[in-house]
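Okay, so here's the structure we're looking at.
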Amino acid sequence: MARVQLRIGSGAGFAGDRWEPAVELVERGDIDVLAFECLAERTIARETLALRRGDGPGYSPKLEARFRAVLPGCVAKGIRVVTNMGAAAPMAAARAACGIAADLDLTDFSCAVLLGDDVQAVLSERPELTLLETGEPLESILPRMASANAYLGADAIVEALASDAPVVITGRVADPSLFVAPLLHAFGWSYDDYAKLAQATVAGHLLECAGQVTGGYFADPGVKDVPALARLGFPFADVSTDGDVVIGKVAEAGGRVDRQTCTEQLLYEVDDPSAYITPDCVLDMGGISLTEIARDRVRVAGARAQPRTPSYKVSVGYFDGFLGEGELSYGGPNAVARARLAGEIVKERLVLRGFTFDDLRIDLIGLDSLHGPSDGRPDPYEVRLRVAGRTAQREAAEAVGWEVSALYTNGPSGGAGDFANVREILAVQSVLLPRELVPTRVELITAL
Amino acid sequence: MNVTVRDLAHARAGDKGSWVNISVTAHDVTSYERLLRELTEARVLEVFAPVAKGPVRRYELAQLLAMNFVVENIRGGSVTQTAALDIHGKSLSALMLAIRLFGNEPHTS
(Lines give C-alpha, C1' and ligand atoms only; values in the text may rest on other atoms or scores of the structure.)
Protein backbone atom coordinates (compact mmCIF):
# COMPACT_ATOMS: atom_id res chain seq x y z
CA MET A 1 0.00 0.00 0.00
CA ALA A 2 1.26 3.45 -0.88
CA ARG A 3 2.14 5.72 2.00
CA VAL A 4 -0.36 8.40 2.95
CA GLN A 5 1.71 10.06 5.67
CA LEU A 6 5.36 10.38 6.61
CA ARG A 7 6.69 11.51 9.99
CA ILE A 8 10.12 13.16 9.78
CA GLY A 9 12.07 13.94 12.93
CA SER A 10 14.73 16.61 13.30
CA GLY A 11 17.74 15.23 15.16
CA ALA A 12 20.08 18.24 15.29
CA GLY A 13 20.08 21.94 14.53
CA PHE A 14 23.85 22.46 14.41
CA ALA A 15 27.11 20.50 14.53
CA GLY A 16 27.40 20.68 18.31
CA ASP A 17 23.78 19.96 19.16
CA ARG A 18 22.61 17.51 21.86
CA TRP A 19 21.81 13.95 20.79
CA GLU A 20 19.48 12.79 23.60
CA PRO A 21 16.50 14.46 21.87
CA ALA A 22 17.24 12.48 18.70
CA VAL A 23 17.37 9.25 20.71
CA GLU A 24 14.04 10.22 22.27
CA LEU A 25 12.53 10.71 18.80
CA VAL A 26 13.77 7.28 17.74
CA GLU A 27 12.51 5.54 20.88
CA ARG A 28 9.22 7.33 21.45
CA GLY A 29 8.53 9.55 18.44
CA ASP A 30 7.17 6.92 16.05
CA ILE A 31 9.17 8.57 13.24
CA ASP A 32 9.83 7.19 9.75
CA VAL A 33 12.84 9.37 8.89
CA LEU A 34 15.40 11.17 11.05
CA ALA A 35 17.31 14.10 9.56
CA PHE A 36 20.34 15.77 11.12
CA GLU A 37 21.31 19.29 10.00
CA CYS A 38 24.87 19.91 11.13
CA LEU A 39 26.44 22.39 8.69
CA ALA A 40 26.32 26.11 9.46
CA GLU A 41 27.49 28.55 6.81
CA ARG A 42 31.15 28.35 7.79
CA THR A 43 31.31 24.83 9.21
CA ILE A 44 32.26 23.17 5.93
CA ALA A 45 35.15 25.61 5.38
CA ARG A 46 36.42 24.73 8.86
CA GLU A 47 36.22 20.99 8.16
CA THR A 48 37.89 21.39 4.75
CA LEU A 49 40.74 23.15 6.50
CA ALA A 50 40.97 20.53 9.24
CA LEU A 51 41.16 17.80 6.59
CA ARG A 52 43.87 19.63 4.64
CA ARG A 53 45.95 20.21 7.77
CA GLY A 54 45.48 16.69 9.04
CA ASP A 55 43.91 17.73 12.35
CA GLY A 56 40.39 16.51 11.73
CA PRO A 57 38.46 13.89 9.74
CA GLY A 58 36.78 16.43 7.43
CA TYR A 59 33.31 15.31 8.49
CA SER A 60 31.22 16.53 11.41
CA PRO A 61 33.36 16.00 14.55
CA LYS A 62 30.47 14.57 16.59
CA LEU A 63 29.35 12.13 13.87
CA GLU A 64 30.63 9.05 15.70
CA ALA A 65 28.96 9.90 19.00
CA ARG A 66 25.72 10.86 17.27
CA PHE A 67 25.57 7.68 15.18
CA ARG A 68 26.47 5.42 18.13
CA ALA A 69 23.54 6.94 20.01
CA VAL A 70 20.87 6.61 17.30
CA LEU A 71 21.85 3.92 14.78
CA PRO A 72 20.85 0.85 16.81
CA GLY A 73 17.31 2.18 17.28
CA CYS A 74 17.04 3.45 13.70
CA VAL A 75 18.14 0.12 12.20
CA ALA A 76 15.88 -1.89 14.53
CA LYS A 77 12.84 0.21 13.64
CA GLY A 78 13.62 0.82 10.00
CA ILE A 79 13.99 4.58 10.47
CA ARG A 80 16.01 6.08 7.63
CA VAL A 81 18.67 8.67 8.44
CA VAL A 82 19.47 11.65 6.22
CA THR A 83 22.28 13.99 7.22
CA ASN A 84 24.76 16.57 5.94
CA MET A 85 27.32 15.45 8.55
CA GLY A 86 29.57 14.42 5.64
CA ALA A 87 30.74 18.06 5.49
CA ALA A 88 34.04 18.16 3.57
CA ALA A 89 34.52 14.37 3.54
CA PRO A 90 31.22 12.52 2.93
CA MET A 91 32.94 9.31 1.81
CA ALA A 92 35.07 9.17 4.97
CA ALA A 93 31.94 9.90 7.01
CA ALA A 94 30.17 6.94 5.40
CA ARG A 95 33.11 4.65 6.10
CA ALA A 96 33.09 5.82 9.73
CA ALA A 97 29.35 5.11 9.93
CA CYS A 98 29.87 1.62 8.50
CA GLY A 99 32.64 1.02 11.03
CA ILE A 100 30.31 1.96 13.86
CA ALA A 101 27.57 -0.26 12.44
CA ALA A 102 29.99 -3.21 12.31
CA ASP A 103 31.09 -2.43 15.86
CA LEU A 104 27.46 -2.48 17.00
CA ASP A 105 26.73 -5.70 15.05
CA LEU A 106 24.12 -3.98 12.87
CA THR A 107 23.42 -6.23 9.89
CA ASP A 108 22.67 -5.25 6.29
CA PHE A 109 24.03 -1.77 6.93
CA SER A 110 25.08 0.60 4.16
CA CYS A 111 25.37 4.31 3.43
CA ALA A 112 24.46 6.16 0.26
CA VAL A 113 26.77 9.11 -0.24
CA LEU A 114 25.84 12.18 -2.27
CA LEU A 115 28.82 13.76 -4.01
CA GLY A 116 29.27 16.78 -6.23
CA ASP A 117 28.79 19.78 -3.93
CA ASP A 118 32.54 20.52 -3.81
CA VAL A 119 33.04 22.89 -6.76
CA GLN A 120 36.51 24.33 -6.01
CA ALA A 121 37.83 23.09 -9.37
CA VAL A 122 34.93 24.67 -11.29
CA LEU A 123 35.37 28.01 -9.54
CA SER A 124 39.11 28.08 -10.19
CA GLU A 125 38.24 28.27 -13.89
CA ARG A 126 35.74 31.11 -13.40
CA PRO A 127 37.43 34.06 -11.69
CA GLU A 128 34.99 36.45 -13.42
CA LEU A 129 32.00 35.31 -11.31
CA THR A 130 30.57 38.06 -9.09
CA LEU A 131 30.55 37.78 -5.30
CA LEU A 132 26.97 38.36 -4.14
CA GLU A 133 27.94 40.13 -0.89
CA THR A 134 30.46 42.71 -2.18
CA GLY A 135 29.94 42.78 -5.95
CA GLU A 136 33.68 42.16 -6.40
CA PRO A 137 34.92 39.50 -8.82
CA LEU A 138 35.60 36.05 -7.36
CA GLU A 139 39.19 36.58 -8.49
CA SER A 140 39.76 38.87 -5.47
CA ILE A 141 39.50 35.96 -3.02
CA LEU A 142 40.39 33.00 -5.26
CA PRO A 143 44.05 32.82 -4.13
CA ARG A 144 42.85 32.55 -0.51
CA MET A 145 40.00 30.08 -1.20
CA ALA A 146 39.67 27.34 1.43
CA SER A 147 36.46 25.67 0.23
CA ALA A 148 33.64 26.07 -2.28
CA ASN A 149 30.41 24.12 -1.97
CA ALA A 150 27.15 24.32 -3.87
CA TYR A 151 23.92 24.10 -1.92
CA LEU A 152 22.47 21.00 -3.58
CA GLY A 153 18.73 20.38 -3.51
CA ALA A 154 16.27 17.62 -2.71
CA ASP A 155 16.42 16.11 -6.23
CA ALA A 156 20.06 15.11 -5.69
CA ILE A 157 19.30 13.66 -2.23
CA VAL A 158 16.36 11.69 -3.70
CA GLU A 159 18.85 9.84 -5.93
CA ALA A 160 20.66 8.72 -2.79
CA LEU A 161 17.39 7.73 -1.09
CA ALA A 162 16.53 5.58 -4.12
CA SER A 163 19.35 3.23 -3.06
CA ASP A 164 17.37 2.02 -0.04
CA ALA A 165 20.51 2.36 2.11
CA PRO A 166 19.50 2.97 5.75
CA VAL A 167 21.69 6.09 5.95
CA VAL A 168 22.16 8.90 3.43
CA ILE A 169 25.18 11.14 3.94
CA THR A 170 25.74 14.41 2.11
CA GLY A 171 28.09 17.35 2.12
CA ARG A 172 26.58 20.78 1.48
CA VAL A 173 22.87 20.70 0.71
CA ALA A 174 20.26 23.33 1.50
CA ASP A 175 18.97 22.75 5.03
CA PRO A 176 15.26 22.38 4.12
CA SER A 177 16.18 19.98 1.29
CA LEU A 178 17.22 17.37 3.88
CA PHE A 179 13.53 17.20 4.81
CA VAL A 180 12.02 17.83 1.36
CA ALA A 181 13.89 14.88 -0.18
CA PRO A 182 12.31 12.09 1.93
CA LEU A 183 8.89 13.51 1.02
CA LEU A 184 9.61 13.58 -2.72
CA HIS A 185 10.98 10.05 -2.39
CA ALA A 186 8.06 8.65 -0.38
CA PHE A 187 5.23 10.36 -2.24
CA GLY A 188 6.70 10.64 -5.73
CA TRP A 189 6.02 14.38 -5.80
CA SER A 190 7.40 16.20 -8.82
CA TYR A 191 9.14 19.53 -9.21
CA ASP A 192 6.05 20.85 -11.06
CA ASP A 193 3.83 20.40 -8.03
CA TYR A 194 4.56 23.80 -6.49
CA ALA A 195 1.90 23.67 -3.78
CA LYS A 196 3.38 20.46 -2.34
CA LEU A 197 6.99 21.59 -2.80
CA ALA A 198 6.07 24.76 -0.93
CA GLN A 199 4.52 22.86 1.97
CA ALA A 200 7.49 20.47 2.11
CA THR A 201 9.95 23.37 2.09
CA VAL A 202 8.12 25.13 4.91
CA ALA A 203 8.15 21.92 6.93
CA GLY A 204 11.89 21.61 6.32
CA HIS A 205 12.52 25.24 7.21
CA LEU A 206 10.59 24.86 10.49
CA LEU A 207 12.47 21.65 11.38
CA GLU A 208 16.01 22.51 10.28
CA CYS A 209 17.03 24.21 13.53
CA ALA A 210 15.59 21.38 15.65
CA GLY A 211 14.88 22.77 19.15
CA GLN A 212 14.28 26.29 17.86
CA VAL A 213 10.68 25.36 16.96
CA THR A 214 9.95 23.40 20.15
CA GLY A 215 10.75 26.21 22.58
CA GLY A 216 14.53 26.57 22.29
CA TYR A 217 15.86 30.09 21.80
CA PHE A 218 12.45 31.35 22.90
CA ALA A 219 12.19 31.67 26.69
CA ASP A 220 11.88 35.08 28.35
CA PRO A 221 11.13 34.21 31.99
CA GLY A 222 7.83 35.61 33.22
CA VAL A 223 6.74 36.59 29.70
CA LYS A 224 7.41 33.59 27.47
CA ASP A 225 7.99 30.58 29.69
CA VAL A 226 9.01 27.18 28.33
CA PRO A 227 8.54 24.00 30.38
CA ALA A 228 11.50 21.70 31.08
CA LEU A 229 14.14 23.36 28.86
CA ALA A 230 16.85 21.03 30.18
CA ARG A 231 14.91 18.16 28.56
CA LEU A 232 13.94 20.12 25.43
CA GLY A 233 12.40 17.80 22.85
CA PHE A 234 13.16 18.07 19.14
CA PRO A 235 10.36 18.40 16.56
CA PHE A 236 8.81 16.16 13.95
CA ALA A 237 6.51 16.95 11.06
CA ASP A 238 3.61 14.79 9.95
CA VAL A 239 3.28 15.35 6.23
CA SER A 240 0.53 13.70 4.21
CA THR A 241 0.55 12.85 0.56
CA ASP A 242 -1.80 15.76 -0.18
CA GLY A 243 0.65 18.22 1.41
CA ASP A 244 -0.91 18.65 4.85
CA VAL A 245 1.78 19.57 7.40
CA VAL A 246 1.56 19.33 11.21
CA ILE A 247 4.51 20.16 13.48
CA GLY A 248 4.73 18.35 16.82
CA LYS A 249 6.95 16.87 19.52
CA VAL A 250 7.06 13.83 21.78
CA ALA A 251 4.46 14.36 24.53
CA GLU A 252 6.81 13.68 27.47
CA ALA A 253 9.62 15.87 26.12
CA GLY A 254 10.28 19.36 27.44
CA GLY A 255 9.42 22.43 25.41
CA ARG A 256 6.32 23.68 23.62
CA VAL A 257 5.04 23.82 20.05
CA ASP A 258 2.51 26.56 19.33
CA ARG A 259 1.80 29.50 17.04
CA GLN A 260 4.38 31.64 18.83
CA THR A 261 7.29 29.20 18.55
CA CYS A 262 6.37 28.34 14.95
CA THR A 263 6.06 31.99 13.87
CA GLU A 264 9.48 32.86 15.29
CA GLN A 265 11.08 29.93 13.47
CA LEU A 266 9.15 30.52 10.24
CA LEU A 267 10.80 33.93 9.88
CA TYR A 268 14.22 32.87 11.22
CA GLU A 269 17.03 33.91 8.84
CA VAL A 270 14.47 35.08 6.28
CA ASP A 271 14.89 38.16 4.10
CA ASP A 272 11.83 38.83 1.91
CA PRO A 273 9.17 36.34 3.11
CA SER A 274 7.54 36.34 -0.32
CA ALA A 275 10.74 35.07 -1.98
CA TYR A 276 12.66 32.61 0.19
CA ILE A 277 15.03 30.96 -2.26
CA THR A 278 16.07 27.32 -1.90
CA PRO A 279 17.45 24.96 -4.58
CA ASP A 280 13.97 23.38 -4.75
CA CYS A 281 11.69 26.39 -5.18
CA VAL A 282 11.17 30.07 -4.42
CA LEU A 283 8.89 29.96 -1.39
CA ASP A 284 6.20 32.57 -0.73
CA MET A 285 5.22 32.69 2.95
CA GLY A 286 2.63 35.41 2.36
CA GLY A 287 -0.39 33.12 2.67
CA ILE A 288 0.85 30.81 5.42
CA SER A 289 -1.44 30.16 8.36
CA LEU A 290 -0.53 28.43 11.63
CA THR A 291 -3.30 26.71 13.59
CA GLU A 292 -3.01 25.03 16.99
CA ILE A 293 -4.99 21.82 16.45
CA ALA A 294 -4.05 20.11 19.72
CA ARG A 295 -1.55 20.46 22.56
CA ASP A 296 1.91 20.86 20.96
CA ARG A 297 0.51 20.36 17.44
CA VAL A 298 0.48 23.15 14.86
CA ARG A 299 -0.96 22.81 11.36
CA VAL A 300 0.92 24.76 8.68
CA ALA A 301 -1.07 25.64 5.56
CA GLY A 302 -1.13 28.02 2.65
CA ALA A 303 2.49 27.99 1.45
CA ARG A 304 3.00 28.88 -2.20
CA ALA A 305 6.03 28.58 -4.44
CA GLN A 306 7.50 29.63 -7.76
CA PRO A 307 9.79 27.37 -9.79
CA ARG A 308 13.38 26.92 -8.62
CA THR A 309 16.06 29.19 -10.07
CA PRO A 310 18.46 27.97 -12.80
CA SER A 311 21.51 28.31 -10.55
CA TYR A 312 22.97 26.93 -7.34
CA LYS A 313 24.19 29.21 -4.57
CA VAL A 314 27.82 28.40 -3.80
CA SER A 315 29.39 29.24 -0.47
CA VAL A 316 33.07 30.15 -0.84
CA GLY A 317 35.22 29.92 2.29
CA TYR A 318 38.47 31.88 2.28
CA PHE A 319 41.22 33.01 4.63
CA ASP A 320 40.76 36.56 5.81
CA GLY A 321 43.45 37.20 8.39
CA PHE A 322 43.38 36.72 12.15
CA LEU A 323 41.31 37.74 15.14
CA GLY A 324 43.13 38.40 18.41
CA GLU A 325 41.13 38.74 21.62
CA GLY A 326 41.91 39.56 25.25
CA GLU A 327 39.61 39.92 28.25
CA LEU A 328 39.97 41.09 31.86
CA SER A 329 37.31 41.83 34.51
CA TYR A 330 36.89 44.81 36.87
CA GLY A 331 34.42 45.02 39.76
CA GLY A 332 33.31 47.32 42.56
CA PRO A 333 33.63 51.11 42.88
CA ASN A 334 34.67 52.86 39.65
CA ALA A 335 34.89 49.53 37.78
CA VAL A 336 33.76 51.07 34.49
CA ALA A 337 36.37 53.85 34.62
CA ARG A 338 39.16 51.39 35.43
CA ALA A 339 38.09 49.12 32.58
CA ARG A 340 37.96 52.08 30.15
CA LEU A 341 41.45 53.16 31.22
CA ALA A 342 42.67 49.60 30.72
CA GLY A 343 41.25 49.56 27.19
CA GLU A 344 42.94 52.86 26.32
CA ILE A 345 46.27 51.52 27.59
CA VAL A 346 46.02 48.42 25.39
CA LYS A 347 45.10 50.53 22.37
CA GLU A 348 48.11 52.81 22.91
CA ARG A 349 50.46 49.87 23.49
CA LEU A 350 49.39 48.28 20.20
CA VAL A 351 50.12 51.57 18.38
CA LEU A 352 53.49 51.95 20.16
CA ARG A 353 54.44 48.46 19.04
CA GLY A 354 53.59 49.36 15.43
CA PHE A 355 50.68 47.00 14.87
CA THR A 356 47.76 47.91 12.62
CA PHE A 357 44.28 46.47 12.54
CA ASP A 358 41.43 46.47 10.02
CA ASP A 359 39.12 46.70 13.03
CA LEU A 360 40.03 47.15 16.70
CA ARG A 361 37.17 47.01 19.18
CA ILE A 362 37.19 47.87 22.85
CA ASP A 363 34.07 46.50 24.52
CA LEU A 364 32.96 46.56 28.13
CA ILE A 365 31.01 43.33 28.50
CA GLY A 366 28.11 44.12 30.81
CA LEU A 367 27.72 47.61 29.38
CA ASP A 368 28.21 48.08 25.65
CA SER A 369 29.52 44.94 23.92
CA LEU A 370 26.23 43.86 22.29
CA HIS A 371 24.19 46.92 21.41
CA GLY A 372 26.73 49.69 20.96
CA PRO A 373 27.58 52.83 22.96
CA SER A 374 26.03 52.98 26.38
CA ASP A 375 24.40 56.44 26.35
CA GLY A 376 22.09 56.66 29.32
CA ARG A 377 22.56 53.12 30.62
CA PRO A 378 23.41 52.83 34.35
CA ASP A 379 26.90 51.59 35.24
CA PRO A 380 26.95 47.92 36.28
CA TYR A 381 28.74 46.66 39.43
CA GLU A 382 31.27 44.74 37.37
CA VAL A 383 32.38 44.78 33.74
CA ARG A 384 34.66 42.69 31.59
CA LEU A 385 37.05 44.48 29.27
CA ARG A 386 37.25 42.85 25.85
CA VAL A 387 39.73 43.98 23.24
CA ALA A 388 39.42 42.37 19.80
CA GLY A 389 41.48 43.13 16.72
CA ARG A 390 41.14 41.87 13.16
CA THR A 391 44.37 41.95 11.19
CA ALA A 392 46.28 40.29 8.36
CA GLN A 393 49.29 39.68 10.66
CA ARG A 394 49.26 36.81 13.14
CA GLU A 395 51.81 38.61 15.33
CA ALA A 396 49.49 41.62 15.68
CA ALA A 397 46.59 39.36 16.60
CA GLU A 398 48.71 37.64 19.26
CA ALA A 399 49.71 41.02 20.69
CA VAL A 400 46.09 41.85 21.58
CA GLY A 401 45.64 39.16 24.22
CA TRP A 402 49.25 39.58 25.37
CA GLU A 403 48.77 43.28 26.07
CA VAL A 404 45.53 42.63 27.94
CA SER A 405 47.16 40.00 30.16
CA ALA A 406 50.07 42.40 30.83
CA LEU A 407 47.54 44.75 32.46
CA TYR A 408 47.69 42.52 35.55
CA THR A 409 50.88 44.19 36.81
CA ASN A 410 50.99 47.22 34.53
CA GLY A 411 47.39 48.41 34.31
CA PRO A 412 44.69 49.90 36.56
CA SER A 413 43.97 48.36 39.97
CA GLY A 414 41.95 45.24 40.47
CA GLY A 415 42.00 43.60 37.01
CA ALA A 416 41.09 39.90 37.29
CA GLY A 417 40.49 36.72 35.28
CA ASP A 418 42.40 37.18 32.02
CA PHE A 419 41.68 35.35 28.79
CA ALA A 420 43.57 35.52 25.50
CA ASN A 421 42.86 33.89 22.17
CA VAL A 422 43.92 34.02 18.51
CA ARG A 423 42.08 32.41 15.64
CA GLU A 424 42.43 32.39 11.90
CA ILE A 425 39.39 33.97 10.25
CA LEU A 426 37.61 31.82 7.71
CA ALA A 427 35.27 34.17 5.93
CA VAL A 428 32.46 33.16 3.58
CA GLN A 429 31.02 34.82 0.50
CA SER A 430 28.76 33.46 -2.23
CA VAL A 431 28.48 33.16 -5.99
CA LEU A 432 25.80 31.70 -8.24
CA LEU A 433 26.70 28.81 -10.52
CA PRO A 434 24.52 27.42 -13.35
CA ARG A 435 23.10 24.04 -12.36
CA GLU A 436 24.56 22.26 -15.39
CA LEU A 437 28.08 22.95 -14.10
CA VAL A 438 27.40 20.96 -10.93
CA PRO A 439 26.94 17.27 -11.76
CA THR A 440 26.13 15.05 -8.78
CA ARG A 441 26.50 11.32 -8.20
CA VAL A 442 25.74 8.74 -5.53
CA GLU A 443 28.19 6.15 -4.13
CA LEU A 444 27.13 3.21 -2.01
CA ILE A 445 29.36 2.20 0.92
CA THR A 446 28.65 -1.15 2.56
CA ALA A 447 29.76 -2.33 5.98
CA LEU A 448 32.36 -5.09 5.83
CA MET B 1 1.71 56.17 28.08
CA ASN B 2 5.07 54.98 26.79
CA VAL B 3 5.27 51.32 25.99
CA THR B 4 8.03 49.18 24.53
CA VAL B 5 7.79 46.67 21.70
CA ARG B 6 8.17 43.97 24.36
CA ASP B 7 4.75 44.94 25.79
CA LEU B 8 3.10 44.19 22.45
CA ALA B 9 5.12 41.48 20.76
CA HIS B 10 7.84 38.85 20.81
CA ALA B 11 10.91 38.73 18.56
CA ARG B 12 13.70 36.54 17.17
CA ALA B 13 16.86 37.51 15.30
CA GLY B 14 18.66 35.56 12.58
CA ASP B 15 21.47 36.44 10.21
CA LYS B 16 22.84 35.83 6.74
CA GLY B 17 26.23 37.41 6.28
CA SER B 18 26.12 41.18 6.59
CA TRP B 19 22.41 41.55 7.31
CA VAL B 20 20.30 40.49 10.23
CA ASN B 21 16.56 39.87 10.28
CA ILE B 22 14.38 40.35 13.31
CA SER B 23 10.83 39.07 13.32
CA VAL B 24 8.33 40.89 15.51
CA THR B 25 5.11 39.00 16.25
CA ALA B 26 2.27 40.87 17.94
CA HIS B 27 0.29 39.35 20.80
CA ASP B 28 -3.05 40.49 19.30
CA VAL B 29 -4.62 42.47 16.44
CA THR B 30 -4.68 45.76 18.35
CA SER B 31 -0.99 45.47 19.14
CA TYR B 32 -0.23 44.57 15.52
CA GLU B 33 -2.02 47.66 14.27
CA ARG B 34 -0.17 49.88 16.71
CA LEU B 35 3.16 48.36 15.67
CA LEU B 36 2.27 48.93 12.01
CA ARG B 37 1.79 52.63 12.77
CA GLU B 38 4.71 53.20 15.11
CA LEU B 39 7.40 50.57 14.59
CA THR B 40 8.40 52.01 11.24
CA GLU B 41 11.58 51.36 9.28
CA ALA B 42 12.76 54.83 10.32
CA ARG B 43 12.14 54.21 14.04
CA VAL B 44 14.02 50.90 13.93
CA LEU B 45 16.96 52.42 12.08
CA GLU B 46 17.11 55.26 14.62
CA VAL B 47 17.56 52.77 17.48
CA PHE B 48 19.82 50.44 15.51
CA ALA B 49 22.15 53.20 14.27
CA PRO B 50 24.95 52.26 16.73
CA VAL B 51 25.04 48.67 15.39
CA ALA B 52 24.04 49.01 11.72
CA LYS B 53 24.21 51.50 8.88
CA GLY B 54 20.94 50.33 7.35
CA PRO B 55 18.77 50.57 5.36
CA VAL B 56 15.98 48.79 7.21
CA ARG B 57 13.22 47.01 5.28
CA ARG B 58 9.92 45.95 6.84
CA TYR B 59 7.78 43.10 5.51
CA GLU B 60 4.26 42.51 6.83
CA LEU B 61 2.53 39.16 7.35
CA ALA B 62 -0.87 40.25 8.62
CA GLN B 63 -2.36 36.76 8.94
CA LEU B 64 0.45 35.85 11.37
CA LEU B 65 0.34 39.27 13.11
CA ALA B 66 4.04 39.37 12.28
CA MET B 67 6.53 41.70 10.65
CA ASN B 68 9.98 40.88 9.41
CA PHE B 69 12.62 43.59 9.69
CA VAL B 70 15.75 43.22 7.60
CA VAL B 71 18.57 45.41 8.88
CA GLU B 72 21.39 45.79 6.38
CA ASN B 73 25.08 46.59 6.77
CA ILE B 74 25.78 45.51 10.31
CA ARG B 75 28.79 47.48 11.54
CA GLY B 76 32.06 45.59 11.79
CA GLY B 77 31.39 43.36 8.78
CA SER B 78 29.72 40.05 8.15
CA VAL B 79 29.27 37.20 10.62
CA THR B 80 32.33 35.38 9.33
CA GLN B 81 34.65 38.39 9.61
CA THR B 82 33.49 40.64 12.42
CA ALA B 83 35.48 41.26 15.61
CA ALA B 84 32.24 41.81 17.53
CA LEU B 85 31.35 39.62 20.52
CA ASP B 86 27.90 38.87 19.08
CA ILE B 87 29.11 37.85 15.64
CA HIS B 88 25.63 36.86 14.41
CA GLY B 89 23.70 39.77 15.86
CA LYS B 90 21.58 37.22 17.70
CA SER B 91 21.13 39.53 20.69
CA LEU B 92 19.52 42.21 18.51
CA SER B 93 16.04 40.77 19.10
CA ALA B 94 16.37 42.24 22.61
CA LEU B 95 17.34 45.65 21.21
CA MET B 96 14.18 45.51 19.07
CA LEU B 97 12.03 44.61 22.08
CA ALA B 98 13.48 47.53 24.03
CA ILE B 99 12.36 50.12 21.46
CA ARG B 100 10.04 52.62 23.09
CA LEU B 101 6.85 53.62 21.32
CA PHE B 102 5.45 57.07 21.94
CA GLY B 103 1.95 56.88 20.54
CA ASN B 104 1.49 59.19 17.60
CA GLU B 105 3.14 62.12 19.39
CA PRO B 106 6.33 63.53 17.87
CA HIS B 107 9.38 62.47 19.86
CA THR B 108 13.00 63.36 20.11
CA SER B 109 14.75 60.40 21.73
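Just so you know, these numbers use all the heavy atoms, side chains as well, and skip hydrogens, waters and symmetry mates. Below, chain A is the first sequence line, B the second, and so on; all start at residue 1.
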Open item on the list: Surrounding NZ of B:K90 (heavy atoms of other residues, nucleotides or ligands, distance under 6.0 Å), is the total greater than 12?
Closed with: yes
Open item on the list: For B:R6, I'd like to know if atom CZ has over 12 heavy atoms of other residues, nucleotides or ligands within 6.0 Å.
Closed with: no
TODO: Sort out for me which of B:A62, B:A11, B:A84 touches chain A most, counting heavy-atom pairs under 4.5 Å.
DONE: B:A84
- [ ] Select, from A:D271, A:V223, A:L360, the one with the greatest count of heavy-atom pairs under 4.5 Å involving chain B.
- [x] A:D271
TODO: Mind ranking A:K224, A:R259, A:M285 by heavy-atom pairs under 4.5 Å with chain B and telling me who comes out on top?
DONE: A:K224
Task: Segment of B:L95 engaging chain A (4.5 angstrom heavy-atom cut-off) - done: both
Open item on the list: Is it the case that the side chain of B:N73 and the backbone of B:G54 share a donor-acceptor pair, with hydrogens and angles ignored and the cut-off at 3.5 Å?
Closed with: yes
Task: Engaged part of A:D220 at the chain B interface, taking heavy atoms whose separation is under 4.5 Å - done: side chain
Task: A:E264, part contacting chain B, at a heavy-atom distance under 4.5 Å - done: both
Task: Salt bridge present between B:K16 and A:E41 (N-O < 4.0 angstrom) - done: no
Open item on the list: Can you tell me which portion of B:I22 sits under 4.5 Å from chain A's heavy atoms? Options are side chain, backbone, both or neither.
Closed with: neither
Task: N-O pairing of A:R384 and A:E382 below 4.0 Å - done: no
TODO: Using atom types as modelled and distance alone, determine if a side-chain donor or acceptor of B:R57 lies under 3.5 Å from a backbone N or O of B:N68.
DONE: no
TODO: Using non-hydrogen atoms and a 4.5 Å limit, figure out which bit of A:L370 sits close to chain B: side chain, backbone, both or neither.
DONE: both
Task: Partner chain A: residue of B:L61, B:D86, B:V47 with the largest heavy-atom pair count (under 4.5 Å) - done: B:L61
Open item on the list: Once you measure the plane-to-plane angle for B:H27 and B:H10, does it fall in the parallel (<30°), tilted (30-60°) or perpendicular (>60°) bin?
Closed with: parallel
Open item on the list: Let me confirm one number: the CG-CZ distance from A:L229 to A:R256, rounded to the nearest 0.5 Å.
Closed with: 10.0 Å
Task: Passing option when A:Q265 is tested against A:I247, A:L207, A:T214, A:L206 for side-chain contact (heavy atoms from CB on, under 4.5 Å) - done: A:L206
Task: Interface moiety of B:A94 toward chain A, non-hydrogen atoms closer than 4.5 Å - done: both
- [ ] Let me know if B:A66 has heavy atoms under 4.5 Å from chain A in its side chain, its backbone, both or neither.
- [x] side chain
Task: Toward chain B, the part of A:E325 with a non-hydrogen atom under 4.5 Å - done: neither
TODO: Below 4.5 Å from any heavy atom of chain B, which atoms of A:F357 appear? Answer side chain, backbone, both or neither.
DONE: neither
- [ ] Measure distances from B:A49 to the heavy atoms of chain A and classify the residue's part below 4.5 Å as side chain, backbone, both or neither.
- [x] neither
Open item on the list: Strictly distance-based, threshold 3.5 Å: is any side-chain N or O of B:E41 a donor or acceptor partner for the main-chain N or O of B:R58?
Closed with: yes
Task: Part of B:S91 within contact of chain A (heavy atom distance under 4.5 Å) - done: both
